[in-house]
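Proteins get letters first, then strands, A, B, ... in listed order; numbering begins at 1 in each.
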Amino acid sequence: MSKFQAPKGVSEYFPPNSLQFEYVRDQLINNAKVAGYSLIELPMFEDTEVFTRGVGESTDVVSKEMYTFEDRGGRSITLRPEGTAGVMRSVIEHNLDRGQLPVKLFYSGAFFRAERPQAGRYRQFYQVGIEAIGYNDPEIDAEVISVADSAFKALGLKNYKLNITSLGDAKTRDLHRKDLVKFIAGLDLDESTSERAKLNPLRLFDDKREEIRSKMQGAPLILDYLSVESAEHFSKVKQLLESLKIDYFVNPRMVRGLDYYTGTAFEFEHELLGAQSGIGGGGRYDGLMGLLGGSDLSGIGFGLGVDRVLMACQAEGCLPESINPLQLFIVAISQEAKSVAFKLVSELRTLGVTCDMAYGDRGLKGGMKAADKSGALCTLVIGDDEISSGNCDLKIMKSGENVSSTLKASELVVKLGNIK
RNA sequence: GUGGGCGUAGCUCAGCUGGUAGAGCACCCGGUUGUGGUCCGGGAUGUCGCGGGUUCGAGCCCCGUCGCUCACCCCA
């Protein structure tokens, strides 16, 4: 037993699981790319204030879940707990919003929150996210949602649900909040719950306890307070989703954990996960850029939890049995054959063939076993016969049949190209 | 921060009311001369999380400790 252990609550992916992780992550990324989003690669830590100001002091994320430390220059640094604030910091710093709008960016990487870990909740976790900055057309809202939805569909996921709502504009939220606070004041609540309500009254909508839920039955809903423009925007978004055949549920009680959301907000929930069922979520943020010292542009984005999406795929059994298998595995059964194989492998790799060979000296049988375990589609045995004749057989592992070829890399590439 | 469950071979776990450890999978070798998966035979592997206590004797009982895990809170 080794002495060292990974820090508490981190997820690690190694083969064969890492292949699935990579597959899921790349699927999410590809769906952002085909919609015109470009990579933004950002630091994993930022000036603490980027988050306290951007995400909001009253949120749980900022008040108790950040990894914050002082660097050697005495600056307060925080490991990023979410993606949007950092993207906005960079957009403002580098004037990315001065060009053509909207600015469409995607990111992928690790995020950090100092929470008690549990199923689907890690201290270091992975997200793929996108941001579309500069316009507030309902089309952009619908596009962002559809990028996430199509990624889930491309992965083959079925048992998930999209919740959407609108948080309206600033005036809407002020009016609603006043009435909600009044309503909550009339409820008989335990101390910790009413404390929580003081920080953010919306939180009570999200409480999992039945007693609280029933008490909140008659609470005022923000959707009933929407201004005419907000209501129009929201109904246009819904209409656009329908035109794309994306199913959604309007959930007026949905609560987002970050303070910057305005207008359209949404959340994808998976039904087969544990308590942490959110596989992605996001929304529009009108004031965020201004808050961070930039121009007053609106934006919308989402973050998808790669760890959780992977768990969802595993729960649904929708992952392919084999991901990017080796095309070829070479077994050499003499010292001379081994050096021929070694050169051939190298040559094939430069031609784009994924291949590997048997190492050690385990004989033909051992080599074949290694070929089997490598998961390669084909195996090529090289011995004295092959070297002297220049001919060989490509064995298709799945069926056991042989395809004859020569040892020339150029011919092998062609033959292998036809084998799946 | 609060509560529940669990720590036995690389992995998943069994071990009856205390008598100094086992299975399956995986791994390695073999079933004679150049073809894997199935089958058969053989093999290696553990300070039973750690420390203390009770006992003639502890994987099993008691206390402590560390770790993992699930849930609340919150979120991806």
Rounding to an integer number of angstrom, what distance separates [N] and [M] when you compare their [atom1] atoms?
| N | M | atom1 | result |
| --- | --- | --- | --- |
| G1(B) | U65(B) | P | 15 Å |
| C16(B) | C61(B) | P | 9 Å |
| C25(B) | A58(B) | C1' | 30 Å |
| C39(B) | A21(B) | C1' | 30 Å |
| A14(B) | G59(B) | C1' | 12 Å |
| C60(B) | G7(B) | C1' | 14 Å |
| G22(B) | C28(B) | P | 24 Å |
| C74(B) | C11(B) | P | 36 Å |

Complementary nucleotide for [N] - Watson-Crick or wobble, under 3.5 Å:
| N | value |
| --- | --- |
| U47(B) | none |
| G3(B) | C70(B) |
| G10(B) | C25(B) |
| G30(B) | C40(B) |
| C60(B) | none |

Any base atoms under 4.0 Å from [X], or only sugar-phosphate, or nothing? Heavy atoms, all strands.
| X | answer |
| --- | --- |
| Asp384(A) | base |
| Asp385(A) | base |
| Gly400(A) | base |
| Lys369(A) | sugar-phosphate |

When the distance from [atom1] of [X] to [atom2] of [N] is rounded to whole Å, what number comes out?
| X | N | atom1 | atom2 | value |
| --- | --- | --- | --- | --- |
| Lys395(A) | G34(B) | NZ | P | 14 Å |
| Glu386(A) | U35(B) | CD | P | 12 Å |
| Leu364(A) | G30(B) | CG | P | 12 Å |
| Met368(A) | U35(B) | CE | P | 9 Å |
| Glu336(A) | G34(B) | CD | P | 17 Å |

Charged tip of Lys238(A) within 45° of Tyr248(A) ring normal and under 6.0 Å: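 Geometry flag: not set, cation outside 6.0 Å or 45°.
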
Test item: side-chain donor near acceptor, Ser58(A) and Asp259(A), under 3.5 Å: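 Looking only at side-chain atoms, Asp259(A) and Ser58(A) do form a donor-acceptor pair, the distance falling under 3.5 Å.
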
Pair Gln124(A)-Tyr67(A), side-chain donor/acceptor within less than 3.5 Å: no

Geometric class of the Phe69(A)/Phe45(A) ring pair [parallel <30°, tilted 30-60°, perpendicular >60°]: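 Plane angle over 60°, so perpendicular.
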
Phe21(A) and Tyr13(A) aromatic ring geometry - parallel, tilted or perpendicular at 30°/60° bounds: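 Tyr13(A) and Phe21(A): parallel rings.
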
Heavy-atom protein contacts under 4.0 Å, nucleotides 69-76 of chain B, coded B base, S sugar-phosphate only, - none: -SBBBBBB

Could you list, one pair per line, each protein nitrogen or oxygen that sits under 3.5 Å from a nitrogen or oxygen of nucleotides 25-27 of chain B, together with the distance?
| unit_1 | atom_1 | unit_2 | atom_2 | d |
| --- | --- | --- | --- | --- |
| C27(B) | OP1 | Lys373(A) | NZ | 3.3 |

Donor-acceptor pair under 3.5 Å, Gln5(A) side chain vs G49(B) base: no

Base of G37(B) paired with side chain of Asp372(A) (donor-acceptor, under 3.5 Å):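 Result: no qualifying N/O pair found.
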
Salt-bridge contact Arg256(A)-Glu267(A) (side-chain N to carboxylate O under 4.0 Å):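 Salt bridge: yes.
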
Salt bridge flag under 4.0 Å for residues Asp307(A) and Arg25(A):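 A salt bridge is absent here (no side-chain N lies under 4.0 Å from a carboxylate O).
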
Worked check of side chain to side chain donor-acceptor pair (under 3.5 Å) between Tyr160(A) and Glu316(A): CA-CA 10 Å; Tyr160(A) 69 92; Glu316(A) 287 200 34; over 6 Å; no

Residues, nucleotides or ligands: over 12 heavy atoms within 6.0 Å of Asp247(A) CG: no

Enclosure of Asn324(A) CG (heavy-atom neighbours >12, cutoff 6.0 Å):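 Atom CG in Asn324(A) is not crowded, with 12 or fewer foreign heavy atoms closer than 6.0 Å.
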
Arg123(A) (side chain) donor-acceptor with Glu115(A) (main chain) under 3.5 angstrom: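 Indeed, once roles are kept as given, a pair shorter than 3.5 Å links the two residues.
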
